[in-house]
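Note that these values count all heavy atoms, side chains included, but never hydrogens, waters or copies made by symmetry. Throughout, protein chains are lettered first and strands after them, A, B, ... in sequence-line order, and every chain is numbered starting at 1.
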Amino acid sequence: MDFSGELNNSQLEAVVHASGPALVIAGAGSGKTRVLTYRVAQLLSNGVPAYRVLALTFTNKAAREMQRRVASLVGDMQAASLWMGTFHSIFGKILRVEAEILGYTRDFTIYDAQDSRNMIKQIIKELKLDDKIYKSNDVQGRISMAKNMLITPEAYALSDNIRQADKAARKPAIHEVYRYYAARCKKSNVMDFDDLLLQTNILFRDFPDVLEKYQRKFEYLLVDEYQDTNYSQYLIIKKLSALHHNICVVGDDAQSIYSFRGARLENILNFKNDYPEYSLYKLEQNYRSTTTIVGAANSVIARNQEQIPKELFSRNEEGEKIKVIRALSDREESVQVVNEIYRAARDERQDYSRFAILYRTNAQSRLFEEVLRKLNIPYRIYGGTSFYQRKEVKDLLAYLRLAVNREDEEALRRVINYPRRGIGDTTVEMLREIARLHDVSTWNVLENLDRFNQLSAATARRLVAFREMIDGFSAMARDEEAFPVARHVALSSGIVADLSGDSTPEGVSRRENVEELLNAVKAFSEAAYKENNEDRLARFLSEIALLTDQDNEKSDDTPKVTLMTVHSAKGLEFPTVCVVGLEEALFPSVQSVYSAENLEEERRLFYVALTRAEKRLILSHALTRYRNGEITSPRPSRFIGEITPCFISAPAPARVPPRTGHEHPVQARVERRVEAPVEPVEVGDVDLTRLRPLLPEAIVPGIVVYHDVFGAGKVLSVEGTGGNRKANVYFGKHGPKVLLLKFARLSAEKE
DNA sequence: CTCTTCCAGCTTTTT
DNA sequence: GCTGGAAGAG
């Protein structure tokens, strides 16, 4: 194969790198995926069998994309036998094969974050710890951190450092929660996300022959996004590659944005120490963006201390300057940004798929959604509650999990009384208590009910009925294929019946979701048949457990504006990118502004955001923003100021938002007809750059206020108190209005 | 045991 | 502004 025509020199060098360790530092937009895919193709064309190549990515999406591109180079057959996937899915597969030597069965199920949190909550309760102090989120974070650092519960309890830290945080009992949690997971034959990596490490540590088997099997390793690997992942890679040293890692230290979940930038910085004989390749030419965008991104990232020296450059056109939008309020920000998109799409005849709105937190999506919907602009929103997190979907999945693994405690807890079958909290608590006393799983207690006679006859009867139902499902799951089992479970568990009683739109949508899940099982069955794979429920469940929303792309050809967090935008590109909510305490987030390290990570995140853009970049911030029901007046993000000014177009003064004619549904409701047109009131001009939001108490007759939609106005009178306080305001352009101050966001000129 | 209502906490990002 | 859990009534 000759790729020289399709790759630049440094890309080509990295692709043809024969064997031994290689570190590829790939700047944003420098053709990283290209290098990886060509490198895989190169290996295959050199005669390396596909099943000896292991390629690890961070998201399923990236894995699929790579698979697709490799397939286009070498054909589907070869591409399909590659080991390509996320860390979690690949090692989940391996663990399923090796489960027994670790004391699990092959049918172990996987806890998602919510399952783990529930179990942790439960344990905190059982240990009689104060759940105000032991917040399940924090505790889960600590346990996750420990697992990713390969700290076992025993080691956790023994470590002085950790003890001190927990003590300082006034949570000295976390190690106990961890111990119980780990024991309960094991007893339930389940692994959480972190276990998929931790148990792999335990497997490789305690069973050298197993490790050797995989070392021999995987002759070539490729790792994408190496800067985002955590310690657990790092060690797996290190062990697997120890025999052949054929490890090629690709990454960009400037795009490391996952340290909050244990990713270690050091892994990429220390590659040279782990493999002194390594070759280094740097991809520094950006093919994605204009020189303006690359220049701006460079000027920002240059402020970080910790980095591998490199100079990202672009030979593309200079392009437009970056536009900064300063909006008076969060609502107006969304109106202006969407207008910007609307106009560009109309004037330049661009379709909506060429635009992306990127924000720091998912919560910011709502306002943009509202405005997009009003203007009838199609959009696709990523993140938020995914399909697999919906209650009804999780309920059915819990039944399916139980059918495969009856010890799965969270699944049991979820459905033992859903739909209602008269097994209440008291009974469930008792079952768990007995399970704990005898150190067995809750299911085991159900199987030996007759040994416990403190149950009323009615309760015992209900429990037996439930047990028999699950046993039935379980027997079926052993013998039959996934789809018939799933359908049977949906019907005879009573879920479908329960949902069909509900004719509200939500109820209908829940039913549809259950159907959708059944369709997914069917699709899985069909795919399994085509690929000659085993069509088992167990396999379906383990695939689904590691899926996220972004993986279920619905094919729909309407071009849509993309809305997502900056995190999930990593790896993507769009002709026009709007980065919104650029305010202190939001982006950079509050949690990070006090630590230099975290601030550098936020800056990298901002860098990632900027480098998603190909042609045009729009940044926006608002002067007032509602957060958790409270009004705030944030300062513009320091990151805007960190862009060398020559890349930014001259700042336009804040403008009155264009009217779309139907904004503020809330106000429409509270507007009252005001009797007899009051005499026109003189309303002076307002200097929009000096506006500050007003608290309801500060609004008194006589002052001049500013409203996002109605413009400047004079307060005539105020009535009511508290949440009912209303003001009668005369607006220069719109006449008199009565506004409920709880909703109306009025501002005034600063003194 | 079930249903309703009220309150707190949440908003950093994801496999 | 929403969701999940607690608490209280039936």
Exercise for the section: Would you please name every residue forming a salt bridge (Lys or Arg N to Asp or Glu O under 4.0 Å) with K394(A), sequence neighbours left out? Expected result: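 K394(A): salt bridge (Lys or Arg N to Asp or Glu O under 4.0 Å) contacts with D112(A), D115(A).
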Handout entry: Geometric cation-pi criterion, R603(A) with Y607(A): 6.0 Å, 45°
Key =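 Judged by the rule (NZ or CZ under 6.0 Å from the ring centre, within 45° of its axis), R603(A) is not positioned above Y607(A).
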Problem - Y418(A) six-ring face occupied by K391(A) cation (under 6.0 Å, within 45°) - result: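 Ring-cation test returns yes.
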Practice task
Kindly state whether the pair F260(A) / dT13(B) counts as stacked, where counting means centroids closer than 5.5 Å and planes tilted less than 30° apart.
Solution key: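 The base of dT13(B) is stacked with F260(A) (centres under 5.5 Å, planes under 30°).
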Problem - Heavy-atom closest pair, residues Q114(A) and R414(A) - result: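 Nearest heavy atoms, Q114(A) then R414(A): NE2-NH1, 4.1 Å.
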Handout entry: For L610(A) against V300(A), the heavy-atom pair lying closest together
Key =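 Looking at all heavy atoms of both residues, the closest pair is CD1-CG2, 4.1 Å.
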Problem - Most 5' of V428(A) and E601(A) on DNA chain B, judged by nearest nucleotide - result: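 Nearer the 5' end of the strand: V428(A).
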Problem - Letter per nucleotide, 5' to 3', of nucleotides 2-10 of chain C [B base touched, S only sugar-phosphate touched, - untouched; heavy atoms, 4.0 Å] - result: ---S-----
Handout entry: Partner set under side chain to side chain contact (heavy atoms under 4.5 Å, CB included) for R461(A), not counting sequence neighbours
Key =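 So R461(A) forms a side chain to side chain contact (heavy atoms under 4.5 Å, CB included) with A458(A).
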Practice task
Applying side chain to side chain contact (heavy atoms under 4.5 Å, CB included), name anything that partners D130(A), two or more places apart in sequence or on another chain.
Solution key: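 Applying side chain to side chain contact (heavy atoms under 4.5 Å, CB included) to D130(A) gives K132(A), I133(A).
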Practice task
Sticking with atom C1', work out how far dA6(C) lies from dT11(B), rounded to a whole angstrom.
Solution key: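 Roughly 23 Å separates the two C1' atoms.
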Handout entry: Whole-angstrom distance between dT13(B) and dG4(C), as gauged at atom P
Key =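 Roughly 15 Å separates the two P atoms.
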Using a cut-off of strictly less than 4.0 Å, decide whether [X] has a side-chain nitrogen or oxygen near OP1 or OP2 of [N].
X: T565(A); N: dT14(B); value: yes
X: S568(A); N: dT14(B); value: yes
X: T427(A); N: dC1(B); value: yes

Problem - Base dT13(B) to side chain R360(A), donor-acceptor N/O within 3.5 Å cut-off - result: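 Indeed, a donor on one side and an acceptor on the other fall under 3.5 Å apart.
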Over how many whole Å does the gap from [X] atom [atom1] to [N] atom [atom2] extend?
X: N60(A); N: dT14(B); atom1: CG; atom2: P; answer: 14 Å
X: Y382(A); N: dT13(B); atom1: OH; atom2: P; answer: 18 Å
X: N362(A); N: dC10(B); atom1: CG; atom2: P; answer: 16 Å
X: D228(A); N: dT15(B); atom1: CG; atom2: P; answer: 12 Å
X: L605(A); N: dT13(B); atom1: CG; atom2: C1'; answer: 7 Å
X: E370(A); N: dG1(C); atom1: CD; atom2: C1'; answer: 11 Å
X: Q364(A); N: dG1(C); atom1: CD; atom2: P; answer: 16 Å
X: M564(A); N: dT13(B); atom1: CE; atom2: C1'; answer: 13 Å

Practice task
Tell me what F58(A) touches on the nucleic acid: a base, only sugar-phosphate, or nothing, going by heavy atoms under 4.0 Å.
Solution key: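 Touches sugar-phosphate only.
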Exercise for the section: Give one of base, sugar-phosphate or nothing for Y258(A), where a contact means two heavy atoms less than 4.0 Å apart. Expected result: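 Answer is sugar-phosphate: Y258(A) comes under 4.0 Å of backbone atoms only.
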Let's see if you can work this out: which of [options] has an atom nearest to the side-chain heavy atoms of [X]?
X: T426(A); options: dC1(B), dT13(B), dC10(B); answer: dC1(B)
X: T86(A); options: dT13(B), dC10(B), dT15(B); answer: dT15(B)
X: H88(A); options: dT15(B), dC10(B), dT13(B); answer: dT15(B)

Problem - Residues forming a ring-ring contact (aromatic ring centres under 6.0 Å, His included) with F108(A), sequence neighbours excluded - result: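 Listed in chain order: nothing, the list is empty.
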Handout entry: Results of ring-ring contact (aromatic ring centres under 6.0 Å, His included) for Y111(A) - residues two or more places apart only
Key =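 Checked Y111(A) against ring-ring contact (aromatic ring centres under 6.0 Å, His included); zero matches.
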Handout entry: Where at least one partner belongs to residues 538-547 of chain A, residue pairs that pass salt bridge (Lys or Arg N to Asp or Glu O under 4.0 Å), sequence neighbours excluded
Key =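 Only R539(A)-E543(A) qualify under salt bridge (Lys or Arg N to Asp or Glu O under 4.0 Å).
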Handout entry: Pairs flagged by salt bridge (Lys or Arg N to Asp or Glu O under 4.0 Å) wherever residues 415-429 of chain A is involved - sequence neighbours left out
Key =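 Pairs touching residues 415-429 of chain A that pass the test: none.
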Polar atom pairs between nucleotides 2-4 of chain B and protein, under 3.5 Å, N or O only, would you list them?
from, atom 1, to, atom 2, distance (Å)
dT2(B), OP1, G422(A), N, 3.3
dT2(B), OP2, N417(A), ND2, 3.1
dC3(B), OP2, R420(A), NH1, 2.4

